[in-house]
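Here is the naming used below: chain letters follow the sequence lines, and residue numbers restart at 1 for every chain.
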Amino acid sequence: MNQAESLVLYNTLKREKQVFVPQDPERVTLYACGPTVYNQAHIGNARPAVIFDLLFKLLSRLYPKVVYARNITDVDDKINAAAAEQNVTIDVIANRYSDAYHTDMAALGVGLPSIEPRATDHIPQMIDMIERLVANGHAYEAEGHVLFAIESFAGYGALSGRDTGEMLAGARVGVVDFKRHPGDFVLWKPSVEPQPGWDSPWGWGRPGWHLECSVMSETHLGETIDIHGGGQDLVFPHHENEIAQSVCAHGGKVFARYWMHNGFVTCKRRKMSKSLGNTLVVSELLKQANGEVLRYLLLSAQYRQPLDWSEEALTRVQRTLDRVYGVLRDAAAKYGPFQAAQSPGDKFMAALLDDLNTPDALAELNSEARRLANADDADAARQSAGALLAAGELIGLFREDPASWLAGDTEGLDDALIDQLIVERNTARKERNFARADEIRDQLQAMGITLEDVADSTRWRRASEQG
RNA sequence: GGCCAGGUGGCAGAGUGGUUAUGCUGCGGCCUGCAAAGCCGUCUACGCCGGUUCGAUUCCGACCCUGGCCUCCA
């Protein structure tokens, strides 16, 4: 059986699920729009990172070679603004926040892509692409700007379902007199000090935002890539413009064969966005929950659906993960240690292969945990635990040791004192002095420690309710 | 105004033309000195109105509602 044949993806371009057939099975190419590094990543920014990280891992199981590029936008007006405000150069800002991004993503179990290209490392290639577009009549120079002429590309609007002729209707497109069509977008624009800039045939300037993705995917992945992903808000204009640039620069060749777009993380059902000021920063969330909790929550809805973020949801996921970790610990004590199996169970795989149906995959994972809890011999336990851990490896969960997971953040706790109290309590229990025993348990509970008496010993974990 | 999603049990969230999602919570039980943990059981779910069908939450049509894109945005 060939699992690769059954990967199905929803293609935004076609508005339907399609069987994924790579251009070249020996080299599958994936490009996802990465962060613009001008401040800290919020949890909404983390969703595509987690989704495409999972897709990358899944594809890597199916094909011998997968090249995944996730860019870093390190030249942008917002970076300029941040740099000016803090009186530093843009690379200081870009480096600071790309480092922060890496730290945050690592905590969420997001691995590094195969390539992480930066816009400023590709200026010559950008200029080259602009020259090609000007030469073949798809772009024109006007007042120091170079603009892409959307009317020169018949396919413009296909991805987002827009009609070039009706683009004036909304009347929100910035009308600038030197544009031939209001929808024409900037490939290159002039810079003035202290803005960053590079020499070009059109004078000293900087690239437009959309250009970098076309150029970097061309440079690192080739003219036609298999999958291009990003957030739903990038469909228009960003991805529409990328298509226009790339297709026109490549003599009409298809740019990306499958387009995938993730839904938003919402807060009280409203899109979380920096302009609305309702963002939750990843590094802050990591102070109240383990990265796996955040990852599980991000995966708890199918990627195209909106995901409403809340404290309650966070608590819920924490409990779910605690339970599975508890099962893992108990079963390991009885039948362990366990090792991940070669591959997760068929149902788990089938769920992921169906357009990354992560809620279904997680449901299967929970069912496997139940099977593990109910296992009544070592073989059954090993099999369930193996499948569970293999699923965890693929989806990025259960990477921690169960005991330390359940102990939680032990900072500020005095292990020796806890152990001493437990010994004291067990002595009391042996003497059937239950009043004293319960008193000690209450004392520990007040310290945030919950006791669990098992067969012939007593263990503890972090209390699930914290103030 | 144009385009695109979606409305499922107390909550979150999959899915299906007729059969148990899964998780969290509540309730009952097993276990326990009592708890905790785990397990078992359980709570009249599919926005509204028509249509197709032997049968629709699942297909078709209308309607209502919610959110998103059309400007930077994951």
*Indicate the atoms forming the closest heavy-atom contact of A:W405 with A:Q318, along with that distance.*
CZ2-OE1, 3.8 Å

*asked:* For a quick check of understanding: with a heavy-atom distance under 4.0 Å over all strands, which category does A:H42 fall into, base, sugar-phosphate or nothing?
replied: base

*B:rC40 OP1/OP2 closer than 4.0 Å to side-chain N/O of A:N374*: yes

*B:rA14 C1' sits how many Å from A:R304 CZ, rounded?*
13 Å

*Nearest-Å distance for atom pair CZ/P, residues A:F236 and B:rA74*: 17 Å

*Between A:R329 (CZ) and B:rA36 (P), how many Å, whole number?*
15 Å

*Counting side-chain heavy atoms from CB outward, which of B:rG23, B:rC34, B:rA74 is closest to A:T320?*
B:rG23

*A:K271, nearest nucleotide to its side chain (from B:rA74, B:rG33, B:rC11)*: B:rA74

*Do you know which of A:E242, A:H239, A:E240 makes side-chain contact (heavy atoms from CB on, under 4.5 Å) with A:L234?*
A:H239

_Nearest whole Å is fine: how far is B:rU8 C1' from A:Q305 CD?_
12 Å

_Heavy-atom pair of closest approach, residues A:Y325 and A:F398_ = OH-CA, 3.0 Å

*Would you classify A:E312 as touching base, sugar-phosphate or nothing, given that sugar-phosphate means primed atoms plus P, OP1 and OP2, and contacts are heavy atoms under 4.0 Å?*
nothing

*Across all strands shown, which nucleotide pairs with B:rG28 by Watson-Crick or G-U wobble geometry, both distances under 3.5 Å?*
B:rC40

*Nearest to the side chain of A:A437 - B:rC24, B:rA36, B:rG33?*
B:rG33

*Does a side-chain heavy-atom distance below 4.5 Å link A:L55 with A:Y303?*
no

*Is there a side-chain polar atom (N or O) of A:R162 under 4.0 Å from OP1 or OP2 of B:rC4?*
no

*asked:* Side chains of A:F178 and A:H145, heavy atoms from C-beta outward: is any pair under 4.5 Å?
replied: yes

_At 4.0 Å (heavy atoms only), tell me whether A:L451 reaches a base, stays on the sugar-phosphate, or touches nothing._
base

*Mind checking the P distance from B:rC27 to B:rG67? Whole angstroms is fine.*
34 Å

*If we take the P atom in both B:rU42 and B:rC49, what is their distance in whole Å?*
30 Å

*asked:* So A:R270, base contact, sugar-phosphate only, or nothing? Heavy-atom distance under 4.0 Å.
replied: sugar-phosphate

*asked:* Say we look at B:rC43 and B:rA62: how far apart would their C1' atoms be, to the nearest angstrom?
replied: 35 Å

_Donor-acceptor pair under 3.5 Å, A:K78 side chain vs B:rC72 base_ = yes

*From A:I90 CD1 over to A:Q195 CD, what is the distance, rounded to the nearest 0.5 angstrom?*
10.5 Å

*asked:* Between the base of B:rC72 and the side chain of A:K274, is there a donor and acceptor pair under 3.5 angstrom?
replied: no

*Any strand is fair game: report the nucleotide pairing with B:rC3 by Watson-Crick or G-U wobble, both distances under 3.5 Å, or none.*
B:rG68

*Identify the nucleotide, in any strand shown, that forms a Watson-Crick or G-U wobble pair with B:rU52, with both distances under 3.5 Å; if there is none, say none.*
none

*For the base of B:rG33, is there a side-chain donor-acceptor partner from A:D438 under 3.5 Å away?*
yes

*Nearest-neighbour nucleotide for the A:P359 side chain, B:rA12, B:rA14, B:rG33 considered*: B:rA14

*Quick one: on RNA chain B, does A:Q302 or A:G326 contact a more 5' nucleotide (nearest heavy atom)?*
A:Q302

*Can you tell me the distance, in whole Å, between the CZ atom of A:R432 and the C1' atom of B:rC34?*
11 Å

*Has the side chain of A:N366 got a donor or acceptor atom sitting under 3.5 Å from an opposite partner on the base of B:rC24?*
no

*asked:* In whole Å, measure the gap between the C1' atoms of B:rU8 and B:rU22 for me.
replied: 14 Å

*Roughly, in whole Å, what's the span from CZ in A:R319 to C1' in B:rG23?*
12 Å

*Could you tell me whether A:V317 contacts a base, only the sugar-phosphate backbone, or nothing, with contacts defined as non-hydrogen atoms closer than 4.0 Å?*
nothing

*Distance in angstrom units between A:D322 CG and B:rA37 P, rounded*: 10 Å

*Would you mind telling me which of B:rA21, B:rC70, B:rA74 lies closest to the side-chain atoms of A:A363?*
B:rA21

*Respond yes when some side-chain nitrogen or oxygen of A:R370 is under 4.0 Å from OP1 or OP2 of B:rU22, and no when none is.*
no

*asked:* Say we look at B:rG15 and B:rA5: how far apart would their P atoms be, to the nearest angstrom?
replied: 15 Å

*With rounding to whole Å, what would you report as the distance between B:rG2 and B:rC24 at their P atoms?*
45 Å

*Does A:W209 place a side-chain N or O at less than 4.0 Å from the phosphate oxygens OP1/OP2 of B:rC73?*
yes

*Euclidean distance, atom CG of residue A:D360 to atom P of B:rU22 [Å, nearest integer]*: 11 Å

_Residue pair A:E212 / A:P117, side-chain heavy-atom distance below 4.5 Å_ = no

_Derivation of the side-chain hydrogen bond (donor to acceptor under 3.5 Å, both in side chains) call for A:K274 and A:N39_ = CA-CA 10 Å; A:K274 288 169 184 171; A:N39 63 10; 2.9 Å; yes

_Watson-Crick or G-U wobble mate for B:rG23, both contacts under 3.5 Å_ = B:rC11

*Checking only heavy atoms, does the side chain of A:R47 share a donor-acceptor pair with the base of B:rA74 at less than 3.5 Å?*
no

*asked:* If you compare every side-chain N and O of A:R461 against the phosphate oxygens of B:rA36 (OP1, OP2), does one of them come in below 4.0 Å?
replied: no

*Take A:T266 and A:N45, find for each the nucleotide of RNA chain B with the closest heavy atom, and name the residue whose nucleotide sits nearer the 5' end.*
A:T266

*Hey, is the side chain of A:R441 pairing donor to acceptor with the base of B:rC34 inside 3.5 Å?*
yes

*asked:* Classify A:A373 by what it touches in the nucleic acid, base, sugar-phosphate, or nothing, heavy-atom distance under 4.0 Å.
replied: sugar-phosphate

*May I ask you to say what A:R371 touches in the nucleic acid, namely base, sugar-phosphate or nothing, with a heavy-atom cut-off under 4.0 Å?*
nothing

*Does A:R323 place a side-chain N or O at less than 4.0 Å from the phosphate oxygens OP1/OP2 of B:rC39?*
yes

_Taking the C1' atom in each of B:rC46 and B:rA56, what is the distance between them to the nearest angstrom?_
11 Å

_Please report the distance separating the C1' of B:rU25 from the corresponding atom of B:rG10, rounded so that it comes out in whole Å._
7 Å

*asked:* Under a 4.0 Å threshold between the charged nitrogen and the carboxylate oxygen, would A:D354 count as salt-bridged to A:K17?
replied: yes

*Report the nucleotide, chosen from B:rA5, B:rA74, B:rA35, that has the shortest atom-to-atom distance to any side-chain atom of A:D453.*
B:rA35

